[in-house]
Amino acid sequence: MKFTFPRIFLFLFWIHLSPFSLPSLHSQTVSALQLEIKKLKNDPALAHTHWGICVMDAESGKLLAEHHAQHNLTTASTMKALTTATALSMLGPDHTFTTKIEYAGKLQPDGTLIGDLFIRGSGDPSLGSNRFSPEQGMERVLFRWAEIIKASGIARIQGRIIGDATAFDSQLTPGDWGWADMGNYYGAGAAGLNMAENTYRIVFKPGAYAGAKTSVIKTVPFIEDILFSNEVLTGKVGSGDNAYIYGAPYTNLRYLRGTIPAGVSSFTIKGSVPDPSLFAARMLKEALAEQQVVTSGKATTVRQETIKQNALPTDRKLIYTHFSPKLKDIVKETNVWSINMYAEALLKALPNKQRKRGSTSRGISTLTSYWKSEGVDVSTILIKDGSGLSANNSVSPYAMAHILSKVYQSPVKESFFASLPVAGRSGTLKRTGKGTYAEGRVHAKSGSIANVRAYTGYVKSVGGNTLAFAIMFNQYDLSYSQVQRRIVGLMDRMARLNKLSN
């Protein structure tokens, strides 16, 4: 292509103004990144925004650039990066969760079990999920369990099917999760015994016109005893899913509010199962019935039987042990798709010194103690959950980037790095940074809740360096796209670096 003088002049002028200009025509030193940060510091549109950034050399931990790096800022789902990094570091990438099928009582020669059948969980968040393979999905897992139970000689059960979730405490969700979240699929709690990500679907029939009432057709799968107060109305054609489920853990009453679109024969939304271990026990009872293994007792849980002060046998015999996918694979699903329940289960599963049941508070204590022992200043790690759904989490960009630098220098580097979405390519970053130097070079966990936008992860720069970074914007009064454009501009500058000096 041949340029005339005016065209060359216009082209160079455009390059000078463009925030995503070609690397050969712009400085790629740290000072260029610092200049971009300075520009945002002086940006009048960010005058009321709390924001911070920290960029380090991932291999040495050397600080390269920052703004308010020591300020505590709300993390949103970037909290999952800390949780999953800690789980990989403490449990190991090849760690697996186990779920055990056990029985208590006497097995008669004719195949009658005079006693109870137990499902003993260890907090596996992936149990019954079809994210990993069809064989790991709920229907196939339960079918296989029922076959194995029958093959063990049990033809009839004169007793209960009991879900044992005592690996974790009974508090399914962190204490400060909101009422608007807990009933929905993304607010599903983490139990010691989970099943199918502790979610179900509500199938609605919309009305014929906007403003008309809707009706609930069914749940998939069937949830016994669940009650709906349905206030969902029909929205305009194409208005999408604006319906929400309100309800607390262990309670069967669910309030349905909002709108679903007109113009379709049915519409589905996802909710959180009220009692995951009871759900698992009921699903196994159904699977056994399909194998002609009849149970005379009810499906129940250790928690329910303890509340009722019913006796529970302690001497159990093992029938079968189910193993989860490897932790590194669970972590990848957690980070790529930002699954809150997975992150909460991993936090609870962190080993505590007291060897007590997993809980959110013990997990938080273990997480902070671990990184303190690794030389991280944990005074700016103030967290309430493992997923970032709580608006009360706060971590400084410096602490976040420092931990990621530590992980990059550790044996779990490859597993953690592989778990992060790639800008412009995968997961929650698929649409981020397309057409900029960030595309394909930024590997990071994103986070977004009301007035919070954050990213943390790594950048493989054009110069071959790896940067650990954290960017957090809180309480902004700009549009999402305006904030995102500024964040992507920072990512683009990091990706351009060809040397880590000025």
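Only a predicted model underlies this, so the values are computations on that prediction, with no experimental measurement involved.
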Legend entry - Ring-face cation contact, Phe118 with Arg316, 6.0 Å cut, 45° max: yes
Legend entry - Shortest non-hydrogen contact between Ser277 and Thr301, atoms and distance: OG-CG2, 3.4 Å
Legend entry - Which residues share a side-chain contact (heavy atoms from CB on, under 4.5 Å) with Glu135, sequence neighbours left out: Ser133, Arg140, Arg144
Inset, instruction - Identify the two heavy atoms, one from Thr380 and one from Ala399, that lie closest to each other, and give their separation to 0.1 Å. - result: OG1-CB, 3.6 Å
Inset, instruction - Would you please name every residue forming a side-chain contact (heavy atoms from CB on, under 4.5 Å) with Lys384, sequence neighbours left out? - result: Asp176, Ser390, Asn392, Asn393
Inset, instruction - Please report the shortest heavy-atom distance between Pro325 and Ile330, naming the atom on each side. - result: O-CD1, 3.7 Å
Legend entry - Shortest non-hydrogen separation from Ile245 to Asn184 and the atoms involved: N-OD1, 2.9 Å
Inset, instruction - Taking atom NZ of Lys205 as the centre, report whether more than 12 heavy atoms of other residues, nucleotides or ligands fall under 6.0 Å from it. - result: no
Inset, instruction - Only counting residues at least two apart or in another chain, list the ones meeting ring-ring contact (aromatic ring centres under 6.0 Å, His included) with Phe473. - result: Trp51
Inset, instruction - Write out all pairs satisfying side-chain hydrogen bond (donor to acceptor under 3.5 Å, both in side chains) with one or both partners inside residues 438-447, taking only residues at least two apart or from two chains. - result: Ser338-Lys445, Thr428-Ser446
Inset, instruction - Classify the side-chain pair Thr98/Asp124 by whether it contains a donor and acceptor separated by less than 3.5 Å. - result: no
Legend entry - Charged N-O contact under 4.0 Å between Glu102 and Arg120: yes
Legend entry - Where at least one partner belongs to residues 218-230, residue pairs that pass salt bridge (charged side-chain N to carboxylate O under 4.0 Å, His left out), sequence neighbours excluded: Glu224-Arg282, Asp225-Arg282
Legend entry - Where Arg357 and Asn352 come nearest, the two heavy atoms and their spacing: O-ND2, 4.1 Å
Inset, instruction - Decide whether Lys213 and Asn230 meet the rule of one side-chain donor and one side-chain acceptor closer than 3.5 Å. - result: no
Legend entry - Residue list, ring-ring contact (aromatic ring centres under 6.0 Å, His included) with Phe97, at least two apart or on another chain: His95
Inset, instruction - Apply the side-chain contact (heavy atoms from CB on, under 4.5 Å) test between Ser419 and each candidate in Thr334, Val336, Val331, Asp329; give the one that qualifies. - result: Val331
Inset, instruction - Determine whether more than 12 heavy atoms belonging to other residues, nucleotides or ligands lie under 6.0 Å from atom CD of Gln409. - result: yes
Inset, instruction - Please list, chain by chain and in numerical order, all residues satisfying side chain to side chain donor-acceptor pair (under 3.5 Å) with Thr166, sequence neighbours excluded. - result: Asp164
Inset, instruction - Compare every heavy atom of Ile148 with every heavy atom of Ile319, then report the nearest pair and how far apart it is. - result: CG2-CG2, 4.1 Å
Legend entry - 4.5 Å side-chain heavy-atom contact, Ile471 and Thr456: no
Inset, instruction - Scan residues 340-350 for pairs that pass salt bridge (charged side-chain N to carboxylate O under 4.0 Å, His left out), counting only residues two or more places apart or in two chains. - result: Asp169-Lys348
Inset, instruction - Report, as yes or no, whether the 6.0 Å neighbourhood of atom OH on Tyr185 holds more than 12 heavy atoms from other residues, nucleotides or ligands. - result: no
Legend entry - Enclosure of Lys100 NZ (heavy-atom neighbours >12, cutoff 6.0 Å): no
Inset, instruction - For Arg131, enumerate each residue passing the side-chain contact (heavy atoms from CB on, under 4.5 Å) test, keeping only those at least two apart in sequence or located in another chain. - result: Ser129, Glu197, Glu333, Trp337, Ile339, Tyr342
Inset, instruction - Any salt bridge (charged side-chain N to carboxylate O under 4.0 Å, His left out) involving residues 253-270? Give me the pairs, sequence neighbours left out, ordered by first then second residue. - result: Glu231-Arg257
Legend entry - Listed once per pair and sorted, the salt bridge (charged side-chain N to carboxylate O under 4.0 Å, His left out) pairs that draw on residues 317-326, sequence neighbours left out: Asp94-Lys326
Inset, instruction - Report the residues that fulfil side-chain contact (heavy atoms from CB on, under 4.5 Å) with Asn310, sequence neighbours left out, ordered by chain and then residue number. - result: Arg160, Glu305, Lys308
